[in-house]
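All ligand and atom numbering here is 1-based and tracks the order in the structure.
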Amino acid sequence: MTLSSATELAEDHPVHAPWRHALTRLSALMPGYEPRQGQVVMMEAIAQANHIGEDLVVEAGTGTGKTLAYLLPLVAAGKRMVLSTATRQLQEQLVRHDLPTALEATGSMQQVALLKGRRNYLCIERSNAAILKERQLVGLISPELQAIQRALMHTQSGDINQVQGVEDSHPIWSEVTSTADNCLGQDCPSYQQCFVVQARREAQKAEIVVINHHLLFADYAIKEKSDGQGLLPSVDAIVIDEAHALEDVATRFFGRSVSSSRFDALRREVSDVVSSLSVPDEQVDPLFSLIRQASQASKAMFAVAEQWSAQPRLDAAKLSQLLSPSQRLIKACLDLSAALSSVASDDVDAVRVLSASIRQFAADTEAVLALPSDEQDLSVRWVEVRARSVAMVARPLEVGPILERTLLAEPASRLFTSATVAIGDDFRSFIDSLGLAESTQTLRVPGTFDYPSQALLYVPSHLPEPFAPGREHAVATEIVRLIQASEGGAFALFSSYRAMQSSYYRAVDNLAGYQVFMQGQESRERLIERFRAEQPAVLFATMGFWQGVDLPGQVLRMVILDKVPFPPPDDPLFAARSARLKAAGQSSFARLSIPSATISLRQGFGRLIRSKEDRGVVSILDPRVRRRSYGRALLNALPPARKTEHFDDVTAFYSDLCD
Ligand code: SF4
């Protein structure tokens with residue numbers, strides 16, 4: 001454990017007294033709890049950094065007790081703070097367990113609020129409208145709307161978690177929750193009872209607010225538009241937990257996209273509303289004419305864009321070619337929006353919301369295609385062709401400059417923490433990715449698990465390399481015998497959908513006796529629930545699937561990766577970032593590919609070994625790890641599990657578990 005710090009406070013400095021006292025009480029509150037050395041070092045570092053007002057990055061290995069390690073010093077010091085996480089699971093854990101424990105241990109009375117994005121709360125207006133519409137059309141309402149109606153009668157918070165029996169992926173959610181575009185704001189008849197408004201008021205009053213990274217950035221976006229009035233109160237400390245996900249969330253949040261399917265959905269909604277207006281034909285006909293004009297302009301613009309779907313990015317020349325069609329579409333949308341605003345209708349709210357949505361579509365189109373004002377273009381734009389849609393996407397090439405004027409400009413100390421942010425002792429990749437100061441303090445606290453006895457890393461060298469003939473058959477055969485060795489309880493994770501499907505269809509007939517699931521068959525939540533409940537189970541999925549999956553115990557005892565999870569070279573953002581590094585004379589493989597693959601692999605271990613009791617095997621079916629020069633560095637950056645290339649060691653590992 002090495003703390004890189006310019007200033008070190010003495011161990012007996014008064015700043016350490018409150019949390020040390022709380023730590024003593026913690027042992028009384030939590031039977032069997034013993035402070036771990038790494039946890040105490042982390043508390044010291046956080047208390048010190050916060051006292052001095054410095055930023056700190058901490059990698060805390062699994063099992064360290066990371067959340068209490070930051071909560072205790074900050075709560076004991078009476079700090080007002082925002083806690084931001086990447087996943088709902090961690091938010092729930094903080095609010096239900098760790099914060100109440102920290103408050104009790106410190107004797108603090110600080111008020112806590114959990115604030116989620118608006119899509120997590122029922123919208124009273126939209127829910128009532130959906131219920132009314134269905135009743136008028138069908139005469140009775142669906143079981144899902146009945147569940148929502150029941151929840152509306154009893155819920156205090158309006159959190160959609162309290163609606164029983166409606167799947168997360170059910171389309172009804174978009175009808176009964178709101179977006180910034182379709183919320184009526186202060187003109188809403190239900191504004192005073194609105195759950196979103198209530199939750200935001202609670203957050204403003206609270207001393208500790210738990211949010212997610214997306215909302216953290218939404219707060220800055222709102223502040224930029226409204227003279228500093230945001231969603232969150234001003235605080236002394238900002239804790240970014242699961243900080244490994246921050247760059248990705250910022251990249252998506254500060255990017256923009258427009259798609260033909262989004263326009264078509266808007267067009268259908270506008271046509272429906274205009275058709276139902278009880279106004280004279282001479283008012284309706286011009287509206288239909290404007291809808292047709294916008295529709296033609298949309299088709300023309302997306303047709304031009306579609307021809308470049310195979311290109312890695314839209315360069316200045318292509319953006320110039322899109323200029324005229326996009327300007328025609330923007331003008332048509334603005335004309336339609338203005339015409340809708342001036343319609344005198346009974347359903348004034350629906351018309352106004354649609355008018356705003358069309359204006360937003362025009363603004364997003366302009367933002368996606370805006371030509372850089374100087375030589376320094378800090379965005380990458382590309383075209384994606386999806387199932388029945390063409391999308392144009394813009395993402396910032398670097399998030400550092402954006403964070404510099406938002407998160408890093410806050411007059412608060414910041415803690416960035418995660419189980420996976422460093423490569424060995426090196427934090428450079430993480431620090432550079434967020435544009436943090438080079439002098440930022442860092443601390444690495446190793447995990448507490450006994451990896452050499454709890455985990456085995458199996459990397460066979462006999463398989464063909466990726467893209468070599470016979471590879472797909474060999475990988476599927478290897479997966480079957482690994483699943484048989486672990487007797488299920490396995491995730492088989494792939495670098496692409498194509499590879500996942502190929503292995504699934506080759507392997508599934510040889511996996512009789514196991515519940516075999518594949519990503520896409522049901523919602524993600526439902527698949528994980530069934531995987532947990534219907535053992536022995538196997539799940540074929542893509543790499544991203546393990547993010548946010550928590551399956552402690554022996555439910556998950558084997559993780560198989562088809563390849564080293566390097567970022568796909570045809571990913572436009574990765575390609576643009578690589579090109580930028582190459583232009584600066586740096587190796588994108590060393591600076592981007594290796595760190596990204598290492599972090600992904602370490603997260604895989606983190607999924608498999610969640611407690612001291614867990615045992616399991618990680619298998620990487622990629623012989624390049626054995627043969628290429630980067631393989632050793634990759635293996636060295638992983639938790640110190642026993643390593644083998646012999647299948648017999650895998651069977652012996654599971655035999656020992658049964659003994
Ligand atoms: S204020 Fe917005 S979110 Fe709240 S009930 Fe009204 S429309 Fe729904």
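- Those atoms of ligand 1 that come under 4.0 Å of a heavy atom in C123, given as number and element, are 3 (S), 5 (S), 7 (S), 8 (Fe).
- Considering only non-hydrogen protein atoms, atom 5 (S) of ligand 1 sits nearest to I124 N, 3.6 Å.
- Taking a cut-off of under 4.0 Å to the non-hydrogen atoms of C188, the atoms of ligand 1 that pass are 1 (S), 5 (S), 6 (Fe), 7 (S).
- In this structure, atom 2 (Fe) of ligand 1 lies nearest to the protein heavy atom C183 SG, 2.4 Å.
- Between F430 and H244, the distance from one ring center to the other does not fall under 6.0 angstrom.
- Note on R526 versus E529: salt bridge recorded, some NZ/NE/NH1/NH2 to OD/OE distance being below 4.0 Å.
- Counting atoms of ligand 1 from 1 in the listed order, those under 4.0 Å from a heavy atom of L184 are 2 (Fe), 7 (S).
- Taking the six-membered ring for Trp and thresholds of 30 and 60 degrees, F217 and F254 have ring planes more than 60 degrees apart, a perpendicular arrangement.
- For atom 3 (S) of ligand 1, the closest non-hydrogen atom on the protein side is S178 OG, 3.5 Å.
- Classification of K223 and D219 as a salt-bridged pair holds, one side-chain N sitting under 4.0 Å from a carboxylate O.
- Here C194 meets the criterion, with an N, O or S atom under 2.8 Å of atom 4 (Fe) of ligand 1.
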Inset, instruction - Check the pair R414 / I240 against side-chain contact (heavy atoms from CB on, under 4.5 Å), numbers first and verdict last. - result: CA-CA 7 Å; R414 283 156 289 264; I240 313 287; 5.7 Å; no
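- F361 has its ring centre less than 6.0 Å from the ring centre of F263.
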